[in-house]
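What follows is a set of notes on a single structure, which appears directly below.
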Amino acid sequence: MHATRRRLISAAAISVTLLAGSVTASVAVTGGNDPARTLPAAAAPAAPAAAPVENLIVGYKSTASEASSNTAAADDAAAKGKKAGKKAKFDRRLGTGAALVNLGGAVAPSEAADVMAQFRADPDVAYVEPDSRAYAMSTPDDTEYAKQWDLFEPTAGMNVPAAWDKTTGSGVTVAVIDTGYVAHSDVAPNIVAGYDFISSSTAARDGNGRDNNPADQGDWSAAGECGTGSKASDSSWHGTHVAGTIAAAANNAKGVAGIAYNAKIQPVRVLGKCGGATSDIVDAITWASGGSVAGVPANATPAKVINMSLGGSGACTASYQNAINAAVARGTTVVVAAGNSNADAAGFSPASCNNVINVAATNRTGDRSFYSNFGSIIDVAAPGGETRRATDTPGTVTTPENGILSSLNAGTTTPGAEIYKPYQGTSMAAPHVAGLAALLVAAKPSLTPAQVEAAIKANARPLAGTCTGGCGSGLADAAATVNAVTSTPTTPKFENTADVAIGDNTTVESPITVSGVTGNAPATLQVGVNIVHTYIGDLKVDLVAPDGTVYTLHNRAGGGTANINQTYTVNASSEAANGTWKLRVNDNAGGDTGRIDSWSLGF
């Protein structure tokens, strides 16, 4: 038995032996090893370039005269357009009460942004946005797209196509920590440089241990080679199947479409013959997320998302947890498969680690897949498919149409021809969520891993079927999650632009009265400060909450530097939002003076 190794075993094959505990302690959570089946090729749509803007939609606060007077709105539009060097003209009032402002013809998005900035600076404006266009959603022309029920079927699909009009994963790298990558034309356009972390040259089959070539050399093994009683197995090409689910190219008239088809895949090889060592895997987690690993060159394209469709029995180890915690601290979301033992995921690692998104598998009818692990530790479920029924003979493929179709290779040992093939497993479910995480980060790069996880869980929908034992918050829903992340209400902003003179050895204040905001101020209250002064080292600048609590923003730093023009983030979550806030400035020296030019509060 090799307790520190990862053994790749099909969900079908382990349903009995793993529960009986007669296989190696660590197993990869992969799909079925059904016979290779070549399918016609396929892919997905490309994001359109930023379109010119002809009109803006401006919503005024109800207290503003422009909210009810077309004349006032017209005057305001003309004035703001003039400040931005454009001819902005009030066009008409929308049914919502917002004003439609014409920009005098189609202008570049950057020019429209200049006009929008003028509106956003006005405290009477609740929101301003481009009058963007919507289009009928086209179906990807990938030849096998119709078989990807997991993306679009209403019963148990992940509602992915409806998210593609807002994000396709551009600019995000997803590290697939797995068996590496075998060349496949449907995935190749999105591959970036990875690394081979397998230390053992025997397990790696490349003769040299760790190197910069993450090519999958095959993970086949002979009977008994991976522990007493282990069965012979063909190469799985597992990492390439996972990669295709996440980011196979789209709209290229071949194969399948990846969930985040404009994201990049970074193959990080840790699983070879007889699985992979924990020590190699934790180094891979570190490197993929941008950390340093002795003897390994720095990662030029650190991943914002890591997918780990691997695991073994036992609770999360300190090695795993430390590597995962550090990766998350660097801003990388870590997605892991729950495991294929039809057991409580709390007994498997890294599924039981903290700071991960733990994914269970569901089938085409919306039930928990018969092999999937479950439990209170599951975060969310995603399509993992079933290439056979629970009552069918283990190792057979009786319902390939209900599996997860993705990119693969026909070689039984070493690489052969590229193909497409359905697999089943929580290994297939995890990359659905990793792909969704990539869509979210591409749509909103400021999201933290915790926010990514929270958004996915909060916007999951109930399973159409049942999940005995617990499947987390439900079935991940791509469109609902992307919409929630990208439809954040406009931040209320209040501003005082009146000049307040700052004399030598004086303390002055500038007030802002906030009203109409529900509840407390946020933990990320944005305080914009614009102070004109010839020696900011003389100044102490405080934000004073309505109840008198003082938050220091600047404390006599900067020496002889002139002026403060900065936005500070203040945790004011204990303060009521409404009331009079003050910017207090104290000058404690002679010889230099200035003024508060303006300041603002963004809720």
Side-chain angles (χ1 to χ4, degrees), residues 43-51 109 113 129-130 132 134-135 137-138 140 142 151-152 158-176 186-187 189-194 242-252 256-267 288-290 299-307 327-328 330-335 357 359 380 382 430-460 476-488:
E129 60 191 37
S132 58
Y135 303 90
M137 289 175 53
S138 61
D142 306 83
L151 302 191
F152 57 78
M158 220 173 75
N159 198 16
V160 174
W164 284 337
D165 63 336
K166 292 188 175 180
T167 172
T168 57
S170 296
V172 177
T173 296
V174 182
V176 175
D186 210 3
V187 183
N190 289 331
I191 293 291
V192 296
V242 168
T245 296
I246 297 171
N251 275 347
N252 59 351
V256 295
I259 290 169
Y261 58 78
N262 277 328
K264 297 301 183 185
I265 292 292
Q266 183 168 72
S289 59
N299 186 351
T301 54
K304 296 299 291 184
V305 180
I306 285 174
N307 185 91
V328 170
R330 295 183 195 103
T332 301
T333 298
V334 180
V335 180
I357 304 178
V359 187
V380 72
H432 281 76
V433 173
L436 174 52
L439 294 179
L440 297 178
V441 176
K444 194 168 185 178
S446 62
L447 289 174
T448 65
Q451 290 170 329
V452 170
E453 178 178 352
I456 291 173
K457 291 161 67 173
N459 293 284
D477 188 303
T481 309
V482 168
N483 287 340
V485 164
T486 58
S487 302
T488 304

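Along the sequence shown, the residues carry numbers beginning at 1.
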Indicate yes or no for a side-chain donor-acceptor contact from Trp164 to the backbone of Ala479 under 3.5 Å, with no hydrogens or angles considered. no
Determine the minimum heavy-atom distance between Ala247 and Ala260, stating which atoms define it. CB-O, 3.4 Å
Could you tell me which non-hydrogen atom of Arg330 sits nearest to which non-hydrogen atom of Ser289, and how far apart they are? NH1-OG, 2.8 Å
Here's a test for you: under side-chain contact (heavy atoms from CB on, under 4.5 Å), which of Val433, Val242, Val359 qualifies with Asn307? Val242
Applying side-chain contact (heavy atoms from CB on, under 4.5 Å) to Pro267 and not counting sequence neighbours gives Tyr181, Ile191, Pro214, Ile265
For Val334 and Ala327 the tightest heavy-atom approach is CG2-CB, 4.3 Å
Check: Val256 main-chain N/O paired with Asp186 side-chain donor or acceptor under 3.5 Å: yes
From Thr333 atom OG1 to Glu453 atom CD, the distance as rounded to the nearest 0.5 Å: 8.5 Å
For the atom pair OG1 (Thr481) and CG (Asp477), what is the distance rounded to the nearest 0.5 Å? 6.0 Å
Without swapping roles, check the side chain of Lys304 against the backbone of Gly331 for a donor-acceptor pair under 3.5 Å. yes
Closest heavy-atom pair and its distance - Met158, Ile259: CE-CD1, 4.3 Å
Where Ala476 and Leu436 come nearest, the two heavy atoms and their spacing: CB-CD2, 4.2 Å
Atom CG in Asn483, atom NZ in Lys166: separation rounded to 0.5 Å? 4.0 Å
Hey, what do you get for CG (Leu440) to CD (Gln451), rounding to the nearest 0.5 Å? 11.0 Å
Nearest 0.5 Å, please: how far is CD1 in Ile306 from CD1 in Ile357? 12.0 Å
Shortest non-hydrogen separation from Ala434 to Ile246 and the atoms involved: CB-CD1, 4.1 Å
Residues that Gln266 engages under side-chain contact (heavy atoms from CB on, under 4.5 Å), provided they are two or more places apart: Thr173, Ala175, Val192, Val268, Trp287, Ala288, Asn299, Thr301, Ala303
Result of checking Thr332, Val174, Val452 against Val305 for side-chain contact (heavy atoms from CB on, under 4.5 Å): Val174
Mind checking the CG-OG1 spacing from Leu439 to Thr486? Nearest 0.5 Å is all I need. 11.0 Å
